[in-house]
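Notes for the one structure printed next.
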Amino acid sequence: MYKGKKVIVVLPAYNAALTLKKTYQEIPFDLVDEVILCDDASKDNTAELAHSIGIQHVIKHEQNKGYGGNQKTLYRKALELGGDIVIMLHPDYQYTPLLIPSMVNIIGDELYPVVLGSRILGMGALKGGMPMYKYIANRFLTFAQNLLINYKLSEYHTGYRAFSRKVLEGINFEQNSDDFVFDNEMLSQIVFAGFDIAEVTCPTKYFEEASSINFRRSMKYGMGVLRVSIGHFFSRMGIVKLKMYRR
């Protein structure tokens, strides 16, 4: 625990058997109380491996529910277990678990209720091997989102995030998509609800075993991001009232 606050790491997993153990072994258990893994109907032995390396809570979807659907299951479980600080870490070893103490400190000391691990600050994305087309798309989408959402972040697309319990209880994440755009809908809800967001520089690694969506899925994701941002803008202007922003 950190200053009386229960710290939980959640792992949204899909075919993560090759990298799960390495990721899990770097989690700082002097701070982290519990780990939850949700296996989204993997085709490998992710769930069995999770049990064997000692993960306390392993949930297995019998049917694939998508990246967003996986996170919904994880956040529900984290709240059920009494988590005060919840860190979402991908088990593909693309993001380092060694940043968890910094993220916990920021939320635990009530500096910010949300922390993002940014690949863009410090040029970590390109150094880590992010494909150039993804980097350019990231910069374009982030520029558009900062304008439409009226908030300033270095990127909205990192998968490394930490939340206070108050944030998870204060937004309607169950209303969000079950696909990859879930992450952006969640940030939109957080900003709309008035929660502040901190960013920390995060090195990242792109390698064969790390998860990544293909070009077609990337295009679909990009269109979804713009849809969310435009919806946020019209909701902020009072022109529309979308269900996703209801507390």
Side-chain angles (χ1 to χ4, degrees), residues 9-14 16 18-20 22-24 26-28 67-68 70-71 74 86-107 111-149 151-163 167 179-188 190-191 195-215 217-222 224-226 228-229:
V9 169
V10 298
L11 305 171
Y14 179 69
L18 293 178
T19 53
L20 173 58
K22 184 182 293 187
T23 303
Y24 182 71
E26 286 192 11
I27 292 174
Y67 175 62
N70 195 329
Q71 285 191 67
L74 287 165
V86 180
I87 302 105
M88 195 263 284
L89 172 67
H90 289 186
D92 64 356
Y93 203 59
Q94 191 176 104
Y95 303 101
T96 173
L98 300 180
L99 273 178
I100 288 175
S102 297
M103 301 172 95
V104 168
N105 291 347
I106 291 170
I107 295 178
L111 298 174
Y112 289 88
V114 180
V115 184
L116 305 180
S118 172
R119 301 165 296 177
I120 301 302
L121 291 172
M123 300 298 289
L126 290 177
K127 288 180 181 179
M130 177 185 279
M132 183 56 69
Y133 83 89
K134 288 192 175 184
Y135 181 82
I136 293 171
N138 184 306
R139 306 318 306 132
F140 167 75
L141 289 172
T142 294
F143 175 76
Q145 288 173 277
N146 280 332
L147 290 177
L148 292 167
I149 293 176
Y151 204 81
K152 182 67 179 294
L153 293 175
S154 68
E155 73 158 325
Y156 289 77
H157 314 289
T158 174
Y160 200 3
R161 298 148 177 248
F163 309 99
V167 168
D179 208 344
F180 286 100
V181 78
F182 174 93
D183 276 351
N184 265 263
E185 289 175 325
M186 202 170 181
L187 286 181
S188 176
I190 286 168
V191 173
F195 295 110
D196 287 323
I197 302 171
E199 294 182 281
V200 295
T201 304
C202 177
T204 187
K205 312 176 192 73
Y206 284 82
F207 52 97
E208 187 175 351
E209 292 83 7
S211 62
S212 181
I213 59 176
N214 59 33
F215 183 77
R217 296 292 299 278
S218 296
M219 289 296 293
K220 179 183 176 183
Y221 169 78
V225 166
L226 292 176
V228 171
S229 301

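When a residue number appears, it is its place in the shown sequence, counting from 1.
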Is any side-chain heavy atom of [X] closer than 4.5 Å to a side-chain heavy atom of [Y]?
X: Tyr93; Y: Glu26; result: yes
X: Val191; Y: Leu187; result: no
X: Ile190; Y: Phe163; result: yes
X: Val9; Y: Tyr24; result: no
X: Tyr160; Y: Ile100; result: yes
X: Glu155; Y: Leu116; result: no

Given side chain to side chain contact (heavy atoms under 4.5 Å, CB included), test Asn146 with Leu153 step by step and report yes or no. CA-CA 7 Å; Asn146 280 332; Leu153 293 175; 4.3 Å; yes

Pick out which of Val10, Ile107, Leu11, Val104 makes a side chain to side chain contact (heavy atoms under 4.5 Å, CB included) with Ile87. Val104

Mind checking what makes side chain to side chain contact (heavy atoms under 4.5 Å, CB included) contact with [X], not counting sequence neighbours?
X: Tyr135; answer: Ile120, Met123, Ala125, Leu126, Met130, Met132, Arg139
X: Leu226; answer: Leu141, Ala144
X: Phe182; answer: Gln71, Lys72, Tyr75, Phe173, Asn176, Met186
X: Ala198; answer: Ile106, Tyr112, Val115

With Tyr156, which residues qualify under ring-ring contact (aromatic ring centres under 6.0 Å, His included), at least two apart? none

Mind listing the closest non-hydrogen atom pair of Pro91 and Ala16 along with its distance? CG-CB, 3.9 Å

Please find the pair of heavy atoms, one from Leu99 and one from Pro203, that lie closest to each other, and give the distance. CD1-CD, 4.4 Å

Roughly how far, to the nearest 0.5 Å, is [atom2] of [Y] from [atom1] of [X]?
X: Asn70; Y: Tyr67; atom1: CG; atom2: OH; result: 9.0 Å
X: His90; Y: Leu20; atom1: NE2; atom2: CG; result: 13.5 Å
X: Asn138; Y: Tyr133; atom1: CG; atom2: OH; result: 12.0 Å

Taking only residues two or more places apart in sequence or in another chain, which ones pass side chain to side chain donor-acceptor pair (under 3.5 Å) with Lys22? none

Got a sec, which residues hit side chain to side chain donor-acceptor pair (under 3.5 Å) with Ser154, two or more places apart in sequence or on another chain? Ser118, Glu199

Please test Asp183 against Met88 for side chain to side chain contact (heavy atoms under 4.5 Å, CB included), starting from the C-alpha separation and ending with a verdict. CA-CA 11 Å; Asp183 276 351; Met88 195 263 284; 4.0 Å; yes

Identify, with sequence neighbours excluded, every residue that meets salt bridge (charged side-chain N to carboxylate O under 4.0 Å, His left out) alongside Lys152. none

Can you say whether the rings of His157 and Tyr221 are parallel (under 30°), tilted (30 to 60°) or perpendicular (over 60°)? perpendicular

I'd like to know if the side chain of [X] and the backbone of [Y] have a donor-acceptor N/O pair within less than 3.5 Å.
X: Ser188; Y: Asn184; value: no
X: Tyr95; Y: Gly159; value: yes
X: Asp92; Y: Gln94; value: yes

Set out, in order, the CA-CA distance, both residues' side-chain angles and the distance that settles side chain to side chain contact (heavy atoms under 4.5 Å, CB included) for Tyr151 and Gln145, then state yes or no. CA-CA 8 Å; Tyr151 204 81; Gln145 288 173 277; over 6 Å; no

